[in-house]
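Report on the structure given below.
Each chain gets a letter, A, B and so on, in the order its sequence line appears, and its residues count up from 1. Scope of the values below: all heavy atoms of this structure, side chains included, with no hydrogens, waters or symmetry mates. In this text, all values refer to a predicted model and were calculated from it rather than measured experimentally.
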There are 2 protein chains.
Amino acid sequence: MKNISSKTISRVLLCVRTLESLMREGKITISSGGLARITGLTDVQIRKDISNFGKVGIPRVGYNIRDLKTVLEEFILRKNVIRVILFGAGNLGKAILKYAGFGKQKLKIVAAFDRDKKKSEKVINGVKVYPFEKALFLIKKSTADIGVIAVPQEASQEVADLIVAAGIKSIVNFAPVSLKVPKEVHVRNIDLTIEFLSAYCDASV
Amino acid sequence: MKNISSKTISRVLLCVRTLESLMREGKITISSGGLARITGLTDVQIRKDISNFGKVGIPRVGYNIRDLKTVLEEFILRKNVIRVILFGAGNLGKAILKYAGFGKQKLKIVAAFDRDKKKSEKVINGVKVYPFEKALFLIKKSTADIGVIAVPQEASQEVADLIVAAGIKSIVNFAPVSLKVPKEVHVRNIDLTIEFLSAYCDASV
DNA sequence: GCAATATCGTGAAATTTGTAACGATTATGC
DNA sequence: GCATAATCGTTACAAATTTCACGATATTGC
């Protein structure tokens, strides 16, 4: 199989989300142009992205929504369930725990950790929050796919080291810090300040 | 001035964040290579990004941290304070309101709105939460730069319409929905599900 | 003061990403 | 059944982005 670029992956995931929504509306088929209008992508881009995964479309008709969703998900997400470990049960951590999309879908938060004893030992939205000290032991057993860092920045590198030590290869980092990790570990940074400022700058160009 | 690309803007903002951190450490100068090692970017990329804004560096020395930060901020963020309006004071909204980076820095949340009467009329982290009905009136007066959507997806389009009606040109949208807005309005989408899945997919390629 | 060296700034080459054009294919209407 | 129209998949092209290579310049050590 070809190398799928990170940009293609984001676009395809956006299409999958849109396909799910169309299914809920009871639609059966959709054209690349229709998907383009909803998502804001272009029709050519959508067809090209999809062509990475085979020939699923029917000329003059478009794509069968259910089939397309299946094909895209099978190629991109090779697991049925992606297991997430969360560090930090403060405001952001809670927001992630309660986020509507999770649970129902592909992502499953298998455990959360917090240094604050008052926050740990609770259960939030069906997920148990453990004290920080138990983290390494528990996550080694749990074989998680993604580690999420939602702790204050002072603690972020320490948590990253712990995630790396547990053998997890994928990190989502909300702390405004450039983490040091081995190069085989992939970090996706979401710094809200940068996101907000980017949004403002992009608009004013 | 040249057109600064969205990618350049993100990288420059990352550099600004790093420069602030270096200033706190008491450092005076930094080379492009040094910044590269911290941020994960390449040295050439950093020099090229900076070259958009003039010649600030000193050969054999590097950049004066304070000067570089000033230059980058002046060119990218032309306002001293960027005013943010927040919709939704649920978990995510609260996380944004209490996020450490805000307030101290360039971003100022000037008002928040929530449909739930129990949440509105409170003050969170110095920001008053108003009932939803007052939104259009208040935000037209307030001349905000960015509108943030942190409401459930059912309400997201309605909120987007309201932000557009208030004349705000820049939206950050956390709802997993493709918003319909006029083309002069810029939307930055942060769908946590897509971000998490992307992180997983990127790592497994 | 001069050679050696680190670092910047930048034009050119290489790579990646996106766009346009168009033949191939399938449903529709007559 | 055949012309028409809509849509896919793909190849060739264009634009954007990144990387490379190297001249210019400032500091350091002798």
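Applying the 4.0 Å criterion to OP1 and OP2 of C:dT10, one finds that B:K55 has a side-chain N or O inside that range. A sub-4.0 Å separation between OP1 or OP2 of C:dT26 and a side-chain N or O of A:Y63 is absent. Within the 4.0 Å cut-off from OP1 or OP2 of D:dT7, not a single side-chain nitrogen or oxygen of A:S32 is found. Side-chain N/O atoms of B:R60 include none lying less than 4.0 angstrom from OP1 or OP2 on C:dG9. Put simply, A:T42 has a side-chain N or O that comes within less than 4.0 Å of OP1 or OP2 on C:dT19. At D:dG9, none of the side-chain N or O atoms of A:R47 fall inside 4.0 Å of OP1 or OP2 (strictly under the cut-off). Dashed line: the shortest gap from a side-chain N or O of A:R11 to OP1 or OP2 of C:dG18 is under 4.0 Å.
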Check your understanding: Given the rule in the side chain to side chain donor-acceptor pair (under 3.5 Å) test, do A:D49 and A:Q45 qualify, once you have shown the distances and angles that lead to the verdict?
Key -> CA-CA 6 Å; A:D49 284 342; A:Q45 207 163 35; 5.8 Å; no

Review point. Checking side-chain contact (heavy atoms from CB on, under 4.5 Å) for the pair B:R188/B:N173: CA distance, chi angles, key distance, verdict?
Key: CA-CA 6 Å; B:R188 189 175 194 94; B:N173 173 39; over 6 Å; no

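In this structure, CG of A:N64 is placed 15 Å from C1' of D:dT7, rounded to the nearest angstrom. Protein atom CG of A:D49 is 8 Å distant from nucleotide atom P of C:dG18, rounded to whole Å.
Remark on DNA chain C: of its neighbouring residues A:K7 and B:P59, the 5'-side contact belongs to B:P59, judged by nearest-heavy-atom nucleotide. Each of B:V44 and A:V44 has a nearest nucleotide on DNA chain C; the 5'-most of these lies closest to B:V44.
Although no hydrogens or angles enter the test, the distance criterion places a donor-acceptor pair under 3.5 Å between the side chain of A:D114 and the main chain of A:D116.
Note on B:K48: a base of the nucleic acid sits closer than 4.0 angstrom, heavy atoms only.
No side-chain heavy atom of B:V12 sits under 4.5 Å from any side-chain heavy atom of B:F75.
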